[in-house]
Engineer: 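Mind having a look at this structure? Questions to follow.
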Amino acid sequence: MDYTSGEESSGFSYTPESDMSEFRPSEIEPKWQQYWEENKTFKTGDGEGKETFYVLDMFPYPSGAGLHVGHVEGYTATDIIARFKKARGFEVLHPMGWDAFGLPAEQYALKTGTHPAVTTNKNIETFTSQLKALGFGYDWDREIATTDPEYYKWTQWIFLKLLERDLAYIAEVPVNWCPALGTVLANEEVIEGRSERGGHPVVRKPMRQWMLKITEYADRLLEDLELIDWPEHLKEMQRNWIGRSVGAEVDFAVDPESAGGLDAKIRVFTTRPDTLFGATYMVLAPEHPLVDEVVSDDQRAAVEAYREAAATKSELQRTELQKEKTGVFTGAFAINPVNGERVPIWIADYVLYGYGTGAIMAVPGHDDRDWEFANTFDLPIVEVISGGDITEAAHTGDGTLVNSEILDGLSVAEAKKKIVEWLEERGLGKKTVSYKLRDWLFSRQRYWGEPFPVVHREDGAVVPLPEEQLPLTLPEVERYEPSGTGESPLATITEWVETTCPETGAPARRETNTMPQWAGSCWYYLRFIDPENEDAPVDLEKERRWMPVDLYVGGAEHAVLHLLYARFWHKVLYDAGVVTTKEPFQRVVNQGMILGVTYQYFRTPEGDPVCFRDVGDRQDLSPATVTADQVVWKGEKPYHGEYEFELEEIVEKMSKSRGNVINPDDVIQEYGADSLRLYEMFMGPLEQTKPWDPRGVSGVHRFLSRVWRLVVTDEGVGVTDGEVTDEVNRQLHRTIQKVTDDTEELRFNTAIAAMMEYVNFLYKEDDVPRGAVEPLVLMLAPYAPHTAEELWERLGQSGSVADEPWPTYDEKWLKDETYELAVQVMGKLRGTVVVPEDAAQEQAVQIARANPDVERHLTGKTIRKVIFVPGRILNFVAN
RNA sequence: GCGGAAGUGGCGGAAUUGGUAGACGCGCUGGACUAAGGAUCCAGUGCCCGUAAAAGGGCGUGGGGGUUCGACUCCCCCCUUCCGCACCA
């Protein structure tokens with residue numbers, strides 16, 4: 001790491017002759033990083049016979065942009081916990097690795113011809129040195145990369161398990177085809193009809209794809225959320241994603257007379273079987289296979305046109321047109337099974353083929369969407385639940401059933417139960433559960449991913465490779481372009497693709513799709529436990545010892561997909577006997593986003609600057625910004641250096657285009673890694689979104705300097721060997737308690753505040769004994785490890801502070817002989833008095849009334865009641 | 001629209017079971033040291049009234065009600081912001 005001298009930095013001044021007494025992070029940080037590396041300070045044992053703690057970061061994709069401050073936030077949090085737990089006697093597993101397959105390296109290869117592996121390795125190197133410069137205590141001997149054949153061998157092995165358990169299959173499915181990227185994308189990678197990465201248009205196109213039956217695990221993924229300690233919003237997002245809803249499937253017979261004698265049934269899914277008597281028409285999704293069969297000759301042309309239009313509509317267009325309901329009558333009718341009514345069959349794209357049965361019964365009186373549709377096309381609306389005005393809007397709430405023969409008079413809940421029984425008795429329908437969750441589209445038409453360990457025989461059979469043939473490695477290719485037909489670049493490597501069946505020896509072709517990036521991250525937490533194992537993804541005994549992950553910290557962007565996919569794989573591995581735990585991540589915490597700050601003014605079309613305060617109603621101005629380093633502060637207000645007017649502070653997501661990105665390397669260079677770590681933890685609660693205050697780092701840097709000078713003076717070590725006074729002990733032990741509890745609960749900001757208070761207190765003391773400072777250094781060690789190590793050494797201690805036990809507090813110092821009691825009159829604070837620790841009400845009242853401020857408010861009043869909460873409050877109720 | 005989280009000084013935030021609102025830090029003001037201070041140390045800093053200065057007093061945790069001796073905290077209604085989902089039958 002390249003540190004500059006302090007010449008033009010404000011953090012610390014540099015004198016050419018090394019002055020041993022100055023706090024100089026640029027010198028001590030590399031020193032201790034080297035020490036930890038050489039001494040393998042953070043090497044993790046196998047955990048046998050010790051209480052284990054597994055703390056995990058969401059491993060990064062090693063992008064070319066390097067580490068950003070968001071990474072630093074989460075990684076610092078886990079590093080503090082790892083060091084803290086180690087000091088508390090746990091065997092701690094705190095590993096790091098690389099989610100290294102992925103599109104950017106492949107895109108770069110397309111442009112430059114550089115092999116993705118080369119780019120990836122280069123980026124990994126950069127990330128590694130950045131992480132080391134931050135002083136994170138990882139066990140680097142366990143480093144893994146998903147792109148390493150020794151790693152993806154086991155990713156492929158797990159895929160074979162999925163195949164074996166009939167959880168992987170090939171289907172011809174309409175996929176999100178992105179012409180610009182030359183690949184299909186998962187639903188989750190498509191945002192409003194455009195690719196998540198790059199924002200390219202996406203169209204629907206049927207292709208042969210690998211799918212994983214995650215839907216088979218839907219109920220368990222839902223239920224087992226109860227077993228884990230995750231933030232509620234995260235669980236809720238997973239629940240919504242799974243989208244379980246209970247309802248009924250009901251068969252409507254097609255009226256043969258209306259459909260050329262066709263004898264068919266249309267099965268619908270509904271969560272409101274109670275409204276069956278109010279079903280006045282049906283709707284099929286445009287893609288529904290029965291459409292072709294039921295459509296009447298005179299409607300055929302219109303239906304075909306509508307289907308065509310729906311098929312070529314991108315998702316974006318479909319959502320854009322949401323407001324207006326569209327559809328076409330098929331010419332056919334169906335029979336409502338409960339009352340024999342003939343109802344028209346329509347097609348409309350507001351019914352999704354992929355959800356439920358792809359067909360609905362429409363109850364316009366009691367469903368908003370059906371109501372809108374019925375109004376647009378003048379279809380009848382019947383009230384079957386009283387309590388609303390169906391001429392105005394659909395009544396979707398509770399009420400009493402009407403116009404429903406056998407259900408009349410019942411409540412919604414009662415009617416649901418009764419009608420389902422009625423349908424089941426007659427074989428017309430049954431209770432059903434439906435999910436929003438779909439099977440997981442698991443193949444990508446890319447080069448830089450795990451190859452599927454299967455071959456396709458000419459007779460159509462899909463044959464898995466035997467375990468001994470793993471890993472199936474990626475071949476070298478000349479070009480990284482997709483083949484154009486939607487196949488991956490692998491399809492062009494004939495000598496790789498053409499192979500033989502491992503079972504019969506017959507000619508066969510390899511699968512040319514590769515796995516999505518999610519695959520490698522679905523199980524990496526297991527490999528960290530046993531990274532060298534050649535016989536299994538993880539040793540069962542070791543897995544039992546370490547799993548589940550005790551604390552998993554990462555960004556909220558993985559709230560659904562990564563965490564859901566990993567949970568799914570883990571459950572499959574559990575069923576296969578590969579792991580002993582039902583859930584992989586006992587506790588998950590999302591670190592909040594760190595926002596950037598810019599300062600805004602405006603410009604006229606001619607380019608003249610305008611202060612934000614003078615904008616008024618003007619519409620012709622365009623915003624312009626400057627970054628923090630160009631701002632001149634006049635008191636509390638930011639001013640433009642050149643134009644000399646006030647600027648408006650804008651807080652938003654960091655992005656290159658806004659120029660508000662804070663680069664961790666720059667902060668390290670100016671203040672050191674410890675200050676960066678400490679600042680990010682001090683900004684606010686870990687999970688909260690918070691803005692980066694460019695001036696904030698100096699505050700924590702000042703604090704570290706103050707700690708430094710407590711120990712290091714021009715004359716050498718500044719601490720005395722004297723006795724620790726009672727008062728200092730009380731402050732010290734209170735601080736230990738606070739820092740211990742807060743660190744345990746991830747309340748790093750208040751833990752740091754407590755240490756600051758303690759340091760402020762010590763500064764007021766005439767001399768500072770060693771016994772008052774050494775525990776402070778130990779508490780500081782997880783937060784600012786380099787500074788702590790150096791101070792520990794200068795205090796004359798040997799070895800690493802990381803190997804020292806955490807300080808403990810003694811209850812006896814937490815209590816004083818007296819305390820300050822707040823005294824209220826009628827609930828208003830009128831003064832505080834000092835009372836003995838064990839003062840009873842009588843004594844407290846006596847002392848309080850001796851206080852003139854209190855007594856003044858009591859004169860002329862009768863005390864009606866006295867409320868005394870020892871240690872807390874004394875309140876006189878008087879009038 | 002549905003779901004989740006959150007609204008506290010000039011700013012980031014603290015107050016863990018209802019008990020002294022504003023810890024700690026930034027910023028700001030004043031002082032000390034100094035050749036100098038953008039270093040360091042010390043003190044002050046919610047708002048309003050009041051005073052020469054004090055002493056005092058009032059108001060105050062998005063808004064409005066309520067429960068309580070006492071509410072940032074609990075209950076009801078409303079407003080705002082952020083995040084996620086979004087024709088899921």
Side-chain angles (χ1 to χ4, degrees), chain A residues 10-13 192 231-237 239-241 243-245 247 268-272 275 283 318-319 321-323 325 348-352 354-363 367-370 372-373 434-438 556-557 559-560 590 592-593 633 635-637 649 679 682-685 687-700 702-703 705-706 709 741-742 745 747 749-757 759-760 763-764 820-832 853 856 864-869 871-878:
Chain A
S10 63
F12 36 94
S13 63
E192 285 180 357
E232 191 50 39
H233 71 97
L234 222 157
K235 287 189 182 183
E236 199 57 31
M237 278 167 77
R239 281 188 203 110
N240 289 342
W241 194 264
R244 181 180 200 267
S245 59
V268 301
F269 174 74
T270 177
T271 57
R272 296 296 304 276
T275 61
V283 185
R318 245 171 130 151
T319 39
L321 295 171
Q322 254 182 50
K323 298 140 218 152
K325 290 273 181 293
D349 65 4
Y350 85 90
V351 173
L352 307 175
Y355 183 75
T357 60
I360 63 157
M361 63 174 203
V363 186
D367 181 280
D368 292 324
R369 297 151 301 182
D370 297 344
E372 270 175 51
F373 190 83
S434 195
Y435 301 91
K436 280 204 293 196
L437 183 72
R438 315 289 167 75
E557 66 273 21
V560 177
N590 289 133
M593 207 189 320
W633 288 87
E636 293 162 351
K637 291 180 173 158
E649 193 173 274
Y679 174 61
F682 187 62
M683 289 168 80
E687 299 194 53
Q688 198 166 301
T689 301
K690 33 201 181 286
W692 181 279
D693 178 357
R695 294 174 295 180
V697 190
S698 64
V700 292
R702 189 169 302 140
F703 162 67
S705 307
R706 280 163 71 82
R709 285 194 305 271
D741 293 352
D742 284 353
E745 297 300 321
R747 291 188 299 255
N749 54 330
T750 50
I752 293 165
M755 287 189 271
M756 286 174 168
E757 275 186 88
V759 170
N760 291 345
Y763 262 70
K764 296 191 178 84
E820 198 177 66
L821 178 67
V823 183
Q824 297 179 338
V825 176
M826 294 302 287
K828 281 195 167 137
L829 183 73
R830 296 302 178 185
T832 56
D853 286 339
R856 191 156 44 82
R864 303 288 175 193
K865 198 173 167 188
V866 175
I867 288 155
F868 178 58
V869 183
R872 297 239 186 243
I873 202 87
L874 176 64
N875 188 10
F876 293 100
V877 184

Engineer: Sub-3.5 Å donor-acceptor pair from the side chain of A:Lys865 to the main-chain atoms of A:Asn875, do we have one?
Structural biologist: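 Such a contact is absent between A:Lys865 side chain and A:Asn875 backbone.
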Engineer: Using atom types as modelled and distance alone, determine if a side-chain donor or acceptor of A:Tyr679 lies under 3.5 Å from a backbone N or O of A:Asp693.
Structural biologist: yes
Engineer: Does A:Ser434 or A:Phe876 map to a spot on RNA chain B nearer the 5' end, using the closest nucleotide for each?
Structural biologist: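 The residue mapped nearer the 5' terminus is A:Phe876.
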Engineer: Under the rule for salt bridge (charged side-chain N to carboxylate O under 4.0 Å, His left out), what residues qualify as partners of A:Arg830, not counting sequence neighbours?
Structural biologist: none
Engineer: Choose from B:G13, B:A23, B:C26 the nucleotide whose nearest atom is closest to any side-chain atom of A:Ser698.
Structural biologist: B:C26
Engineer: Distance from A:Ile360 atom CD1 to A:Leu352 atom CG, nearest 0.5 Å?
Structural biologist: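 Spacing of CD1 (A:Ile360) from CG (A:Leu352) equals 10.0 Å.
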Engineer: Where does B:G31 land, syn or anti, once you apply the within-90°-of-0 test for syn?
Structural biologist: anti
Engineer: Please round to the nearest 0.5 Å and tell me the distance separating atom CD of A:Glu236 and atom NE2 of A:His233.
Structural biologist: 11.0 Å
Engineer: Could you check whether A:Tyr763 gets within reach of a base, just the sugar-phosphate, or nothing at all, counting any heavy atom under 4.0 Å?
Structural biologist: sugar-phosphate
Engineer: Rounding to an integer number of angstrom, what distance separates B:C85 and B:G46 when you compare their P atoms?
Structural biologist: 43 Å
Engineer: Suppose you measure atom C1' in B:G60 against the same atom in B:A71; what distance do you get, rounded to whole Å?
Structural biologist: 14 Å
Engineer: Choosing from B:A14, B:G13, B:U20, which nucleotide comes nearest the side chain of A:Gln688?
Structural biologist: B:G13
Engineer: Expressed as a whole number of Å, how far does the C1' atom of B:G57 sit from that of B:C2?
Structural biologist: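 Result for the C1' pair: 50 Å, nearest Å.
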Engineer: I want to verify a distance call: between B:A89, B:C41, B:U20, whose nearest atom is closest to the A:Leu829 side chain?
Structural biologist: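 Side chain of A:Leu829 sits closest to B:U20.
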Engineer: Rounded to the nearest Å, what distance is computed from the CD atom of residue A:Glu232 to the P atom of nucleotide B:G4?
Structural biologist: 8 Å
Engineer: Would you mind classifying the nucleic acid contact of A:Gln824 as base, sugar-phosphate or nothing, using non-hydrogen atoms under 4.0 angstrom?
Structural biologist: base
Engineer: Does B:A14 have OP1 or OP2 under 4.0 Å away from a side-chain N or O of A:Asn749?
Structural biologist: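 True: A:Asn749 side-chain N/O within range (under 4.0 Å) of B:A14 OP1/OP2.
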Engineer: Would you indicate which nucleotide in B:U17, B:U20, B:C42 comes nearest to any side-chain atom of A:Ile873?
Structural biologist: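 Taking heavy atoms from C-beta onward, the closest nucleotide is B:U20.
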Engineer: In whole angstroms, how far is the C1' atom of B:G25 from the CE atom of A:Met755?
Structural biologist: 14 Å
Engineer: Picking from B:G12, B:A89, B:C85, which would you name as closest to the side chain of A:Phe269?
Structural biologist: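 Of all the options, the side chain of A:Phe269 is nearest to B:A89.
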Engineer: So what's the dot-bracket for RNA chain B: Watson-Crick or G-U pairs under 3.5 Å, [ ] if a pair crosses, | if it pairs off-strand?
Structural biologist: (((((((..(((......[....)))((((((.......))))))((((......))))..(((((..]....))))))))))))....
Engineer: For atom P, what is the distance between B:G27 and B:G12, given to the nearest Å?
Structural biologist: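 One P to the other, the span is 15 Å.
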Engineer: Look at all strands and tell whether A:Asp693 reaches a base, only sugar-phosphate, or nothing, counting heavy atoms closer than 4.0 Å.
Structural biologist: sugar-phosphate
Engineer: Taking the C1' atom of each, how far is B:U16 from B:C11, in whole Å?
Structural biologist: 25 Å
Engineer: Apply side-chain hydrogen bond (donor to acceptor under 3.5 Å, both in side chains) to A:Arg706 and list each qualifying residue two or more places apart in sequence or on a separate chain.
Structural biologist: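 Partners of A:Arg706 by the side-chain hydrogen bond (donor to acceptor under 3.5 Å, both in side chains) criterion, ordered by chain and then number, come out as A:Asn760.
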Engineer: Consider the side chain of A:Phe682, meaning its heavy atoms from C-beta on, and name the nucleotide among B:C69, B:G25, B:C42 that approaches it most closely.
Structural biologist: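 My answer, after comparing the listed nucleotides, is B:G25.
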Engineer: Between B:U20 and B:C26, how far apart are the two C1' atoms, rounded to whole Å?
Structural biologist: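 It comes out at 25 Å once rounded to the nearest Å.
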Engineer: Separation of A:Glu649 atom CD from B:C11 atom P, in whole Å?
Structural biologist: 10 Å
Engineer: Which nucleotide in the set B:A89, B:A39, B:U16 lies at the smallest distance from any side-chain heavy atom of A:Arg702?
Structural biologist: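 The answer is B:A39, which lies nearest to the side chain.
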Engineer: Once you round to the nearest 0.5 Å, how far does CE of A:Met826 lie from CZ of A:Phe876?
Structural biologist: 13.0 Å
Engineer: My understanding is that only residues two or more places apart in sequence, or in another chain, count here; which of them pass side-chain hydrogen bond (donor to acceptor under 3.5 Å, both in side chains) with A:Asp742?
Structural biologist: A:Lys738, A:Arg747, A:Thr750
Engineer: When you get a sec, tell me which of B:C24, B:A14, B:U20 is the closest nucleotide to the side chain of A:Pro685?
Structural biologist: B:A14
Engineer: For B:G25, does either OP1 or OP2 sit under 4.0 Å from a side-chain N or O belonging to A:Asn760?
Structural biologist: yes
Engineer: Would you give the length of the straight line joining atom CE of A:Met683 to atom OG1 of A:Thr689, rounded to the nearest 0.5 angstrom?
Structural biologist: 10.0 Å
Engineer: Could you check whether A:Thr271 gets within reach of a base, just the sugar-phosphate, or nothing at all, counting any heavy atom under 4.0 Å?
Structural biologist: sugar-phosphate
Engineer: Test the A:Lys325-A:Phe373 pair against the cation-pi criterion, namely NZ or CZ under 6.0 angstrom from the six-membered ring centroid and within 45° of the ring axis.
Structural biologist: no
Engineer: Mind checking if A:Arg706 touches a base, just sugar-phosphate, or nothing, with heavy atoms under 4.0 Å?
Structural biologist: sugar-phosphate
Engineer: Hey, does the side-chain of A:Lys764 have a donor or acceptor N/O within less than 3.5 Å of a partner on the base of B:C42?
Structural biologist: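 No.
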Engineer: A:Arg747 side chain: which of B:A14, B:U16, B:A23 is closest?
Structural biologist: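 The answer is B:U16, which lies nearest to the side chain.
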Engineer: Please evaluate the base of B:U40 for a donor-acceptor partner in the side chain of A:Arg709 within a cut-off of under 3.5 Å?
Structural biologist: no
Engineer: If we take the P atom in both B:G25 and B:A43, what is their distance in whole Å?
Structural biologist: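 One P to the other, the span is 11 Å.
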Engineer: Write down the distance between CZ (A:Arg244) and P (B:C85), rounded to a whole number of angstrom.
Structural biologist: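 Taking CZ of A:Arg244 and P of B:C85, I get 23 Å after rounding.
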Engineer: Measure CE/A:Met756 against C1'/B:G12 and give the value in whole Å, please.
Structural biologist: 12 Å
Engineer: When you measure from the side chain of A:Pro691, which nucleotide among B:C41, B:G25, B:G12 comes out closest?
Structural biologist: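 Closest of the options to the side chain of A:Pro691: B:G12.
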Engineer: Which whole-number value in Å describes the distance from A:Ile752 CD1 to B:G12 C1'?
Structural biologist: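 Going from A:Ile752 (CD1) to B:G12 (C1'), I get 13 Å.
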Engineer: Using the test side-chain hydrogen bond (donor to acceptor under 3.5 Å, both in side chains), find all partners of A:Asp367 that sit at least two apart in sequence or belong to another chain.
Structural biologist: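 A:Asp367: side-chain hydrogen bond (donor to acceptor under 3.5 Å, both in side chains) contacts with A:Arg369.
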Engineer: What is the distance, to the nearest angstrom, from the CE atom on A:Met237 to the C1' atom on B:A86?
Structural biologist: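 In whole Å, B:A86 C1' lies 13 Å from A:Met237 CE.
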Engineer: Looking across every strand, which nucleic acid part, if any, lies under 4.0 Å from A:Ser245 by heavy atom: base, sugar-phosphate, or nothing?
Structural biologist: sugar-phosphate
Engineer: Given the P atoms of B:G65 and B:C72, what is the spacing between them in whole Å?
Structural biologist: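 It comes out at 15 Å once rounded to the nearest Å.
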Engineer: Measure OH/A:Tyr435 against C1'/B:C85 and give the value in whole Å, please.
Structural biologist: 19 Å
Engineer: Does any part of the side chain of A:Lys436, heavy atoms only, come nearer than 4.5 Å to the side chain of A:Trp241, both counted from C-beta?
Structural biologist: no
Engineer: Starting at the 5' end of nucleotides 57-62 of chain B, put B wherever the base has a protein heavy atom under 4.0 Å, S where only the sugar-phosphate does, and a dash everywhere else.
Structural biologist: SSS---
Engineer: Let me spell it out: for each of A:Arg872 and A:Ala753, pick the nucleotide of RNA chain B with the closest heavy atom. Which residue's pick is nearer the 5' end?
Structural biologist: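 The answer here is A:Arg872.
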Engineer: For the atom pair CD (A:Glu372) and OH (A:Tyr350), what is the distance rounded to the nearest 0.5 Å?
Structural biologist: 9.0 Å
